[in-house]
There are 2 protein chains.
Amino acid sequence: MVQALLNHVNRFVSLNTDEQHLLLDHLSVRHVNKKEHILVAGAICTANYFVLNGCFRMYFIKESGQEQIVQFGLNNWWISDLTSLESGKPSGFYIQAIEDANVAVLTKQNQELLFSSMPKAERYFRLVMQKAYAASLMRLQYLFDLSAEERYHHFNTAYPEFVQRVPQYMLASYLGFTPEVLSKIRAKK
Amino acid sequence: MVQALLNHVNRFVSLNTDEQHLLLDHLSVRHVNKKEHILVAGAICTANYFVLNGCFRMYFIKESGQEQIVQFGLNNWWISDLTSLESGKPSGFYIQAIEDANVAVLTKQNQELLFSSMPKAERYFRLVMQKAYAASLMRLQYLFDLSAEERYHHFNTAYPEFVQRVPQYMLASYLGFTPEVLSKIRAKK
DNA sequence: GAAAAAACTTAATCAAGATCAAGAAAAATA
DNA sequence: TATTTTTCTTGATCTTGATTAAGTTTTTTC
């Protein structure tokens, strides 16, 4: 199962067998049930999670009391509250499995150990962070430039299989509008 | 002038004198006049820029033809289109000096050289990317949770000196609304 | 397979913020 | 200093998407 992670790492840096074992020694695999949280607001985030399979959502509770999804965690994505992880302060986010899932868990401590014994790991995470940052800016760009309907169509075209997998109200939240709006958009066609 | 950069690096990793020199050997300092662009849409981004002093804005042109600011580049921030830099493909962004400015220029090539001769540099950038990513998620959070007026007040409280430095219409763009709205918000008090 | 819970739809009303247009003020430049 | 350019303001109108509320469909659970 962790092969998915090794494949991912190898897309950024190349590891020999020893290095692969060293990496695996620093992580554990954990099963997460549908609806189970691996992080809740108020708790301190202690690890970085790599999604081996299944699907997660990361959200916060708005002033209005509504849940706002800030990102989805799919296969081959790292998910965590980096602010809480880095600072050791309580998180404002929830991370919850949308489907039964398996994650590779890399605790903060093990991550540091790994970095000091294998600089390549640091390079890998530098590239992962850079990609995540760029993706976040792209997301901002869509929010600023496209209407609700355009955002939906764009997302639907880019990730058709994913749209089938999650409840519509979650997709609406992620895209920045209400379930009612999504329902009307879909009714148009 | 590059002392600002050394100080910044030293906040994340500690460098001895030799390492400091090695770092400086990989970069050059460039003066940028007010209104001058260091990146325009359609061009390939070739470097990562560290703002020594002055101020930049990074923006794109919306479907509607309006400029949309995605971020400001202030003292001690790295600014670049990482997507273009990494892929070698044309950028969709503009980066322009709002005031006369000085930047430390780290080309893609030099960055790679630096990383291979000094793993600490990779660590520094891993941390910088991680922080930038976290900041971007925080920005999304404010956009989703706060009204135009709340976003303005929040920003104004957090960065009062900066608000004085940039034209209001740029601030409005960054915060995701029109100059007219900002004008009306200000008229209230 | 019945009951309960979760997710989706539809329609009416409302509000935040966009757009348009014109003029005023401030800043840059000759 | 005069003048051109840039930035800011104000008010009228319009639009997108939010809210509310009730009913329907689908999925889960017992």
Side-chain angles (χ1 to χ4, degrees), chain A residues 33-37 54-55 57 59 61-69 72 94 96-101 140 142-156 162-189, chain B residues 33-37 54-55 57 59 61-69 72 94 96-101 140 142-156 162-189:
Chain A
N33 290 315
K34 183 172 176 172
K35 296 202 179 174
E36 190 181 337
H37 285 88
C55 178
R57 64 178 180 139
Y59 64 95
I61 307 291
K62 294 203 273 190
E63 287 283 323
S64 64
Q66 292 160 319
E67 296 174 355
Q68 174 62 55
I69 295 179
F72 288 116
Y94 298 80
Q96 183 191 40
I98 300 177
E99 307 166 352
D100 280 15
L140 268 179
Y142 290 130
L143 276 173
F144 282 135
D145 202 13
L146 304 183
S147 67
E149 183 163 2
E150 289 169 327
R151 292 202 297 280
Y152 171 71
H153 288 316
H154 181 271
F155 194 88
N156 205 25
F162 179 65
V163 171
Q164 300 307 109
R165 257 167 82 186
V166 299
Q168 283 180 39
Y169 74 93
M170 288 190 191
L171 191 58
S173 171
Y174 176 79
L175 292 173
F177 47 80
T178 60
E180 289 88 345
V181 168
L182 183 41
S183 201
K184 274 167 202 161
I185 291 171
R186 282 165 47 92
K188 283 197 191 172
K189 289 214 171 170
Chain B
N33 288 316
K34 182 172 177 172
K35 295 202 180 173
E36 190 181 337
H37 285 88
C55 178
R57 63 178 180 139
Y59 64 95
I61 308 290
K62 295 203 273 187
E63 287 283 322
S64 63
Q66 292 160 319
E67 295 174 357
Q68 174 62 55
I69 296 179
F72 288 115
Y94 298 80
Q96 183 191 39
I98 300 177
E99 307 167 351
D100 281 15
L140 267 179
Y142 289 131
L143 277 172
F144 281 135
D145 202 13
L146 305 184
S147 68
E149 183 162 1
E150 289 169 328
R151 292 202 297 281
Y152 171 71
H153 287 317
H154 180 270
F155 194 88
N156 203 28
F162 178 66
V163 171
Q164 300 307 109
R165 259 166 82 184
V166 299
Q168 283 179 38
Y169 74 93
M170 289 192 191
L171 191 59
S173 171
Y174 175 80
L175 293 174
F177 47 81
T178 60
E180 289 89 343
V181 168
L182 182 43
S183 201
K184 278 163 200 166
I185 291 170
R186 282 164 47 93
K188 283 195 190 172
K189 287 213 169 169

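Reminder, nothing fancy here: chain letters follow the sequence lines and each chain counts from 1.
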Length of the line joining [X]:[atom1] and [N]:[atom2], which is rounded to integer Å:
X      : N      : atom1 : atom2 : result
B/L182 : C/dA16 : CG    : P     : 17 Å
B/Q164 : D/dC8  : CD    : C1'   : 15 Å
A/L171 : C/dT9  : CG    : P     : 12 Å
B/Y169 : D/dC8  : OH    : C1'   : 11 Å
B/R165 : D/dT7  : CZ    : C1'   : 19 Å
A/Q168 : D/dT26 : CD    : P     : 12 Å
A/E67  : C/dA7  : CD    : C1'   : 14 Å
B/I69  : D/dT7  : CD1   : P     : 11 Å

Pairs: protein N or O with nucleotides 12-18 of chain D N or O, under 3.5 Å:
unit_1, atom_1, unit_2, atom_2, d
D/dA12, N6, B/K184, NZ, 3.4
D/dG17, OP1, A/A148, N, 2.8
D/dA18, OP2, A/T178, N, 3.3
D/dA18, OP2, A/T178, OG1, 3.1

Once rounded to the nearest 0.5 Å, what's the spacing between atom [atom1] of [X] and atom [atom2] of [Y]?
X      : Y     : atom1 : atom2 : answer
B/T178 : B/Q66 : OG1   : CD    : 8.5 Å
A/R57  : A/E67 : CZ    : CD    : 4.5 Å
A/I69  : A/I98 : CD1   : CD1   : 6.0 Å

field: Polar contact flag, side-chain donor to acceptor under 3.5 angstrom, A/S147-A/E149
entry: no
message: Working note: A/L140 + B/Q68, criterion side chain to side chain contact (heavy atoms under 4.5 Å, CB included); need CA distance, chi angles, decisive distance, verdict.
response: CA-CA 10 Å; A/L140 268 179; B/Q68 174 62 55; over 6 Å; no
query: Within the structure, does a side-chain N or O atom of B/R186 lie under 4.0 Å from either OP1 or OP2 of D/dT9?
result: yes
message: Is it the case that the side chain of A/Q96 and the backbone of A/K35 share a donor-acceptor pair, with hydrogens and angles ignored and the cut-off at 3.5 Å?
response: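 Yes, because the side chain of A/Q96 sits within donor-acceptor range (under 3.5 Å) of the backbone of A/K35.
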Residues in side-chain hydrogen bond (donor to acceptor under 3.5 Å, both in side chains) contact with A/Y152, at least two apart in sequence or another chain: none
query: Given A/F155 and A/Y142, is the side chain to side chain contact (heavy atoms under 4.5 Å, CB included) satisfied, shown in steps?
result: CA-CA 10 Å; A/F155 194 88; A/Y142 290 130; over 6 Å; no
task: Just compare D/dT19, C/dC8, C/dA21 and give me whichever is closest to any side-chain atom of A/E180.
output: D/dT19
task: Only counting residues at least two apart or in another chain, list the ones meeting side-chain contact (heavy atoms from CB on, under 4.5 Å) with B/Y169.
output: B/P167, B/P179
query: Does A/R165 have any salt bridge (charged side-chain N to carboxylate O under 4.0 Å, His left out) partners at least two apart in sequence or in another chain, and if so, which?
result: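 Once residues adjacent in sequence are excluded, the partners of A/R165 under the salt bridge (charged side-chain N to carboxylate O under 4.0 Å, His left out) criterion are A/E99.
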task: Check the angle between the aromatic planes of B/F72 and B/F162 and answer parallel, tilted or perpendicular using the 30° and 60° thresholds.
output: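 The rings of B/F72 and B/F162 stand perpendicular, inter-plane angle above 60°.
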message: Could you work out how much the helix from C/dG1-D/dC30 to C/dA30-D/dT1 bends, comparing the axis of its first five pairs with that of its last five, to 10°?
response: 60°
Every protein N/O lying under 3.5 Å from an N/O of nucleotides 27-30 of chain C:
none

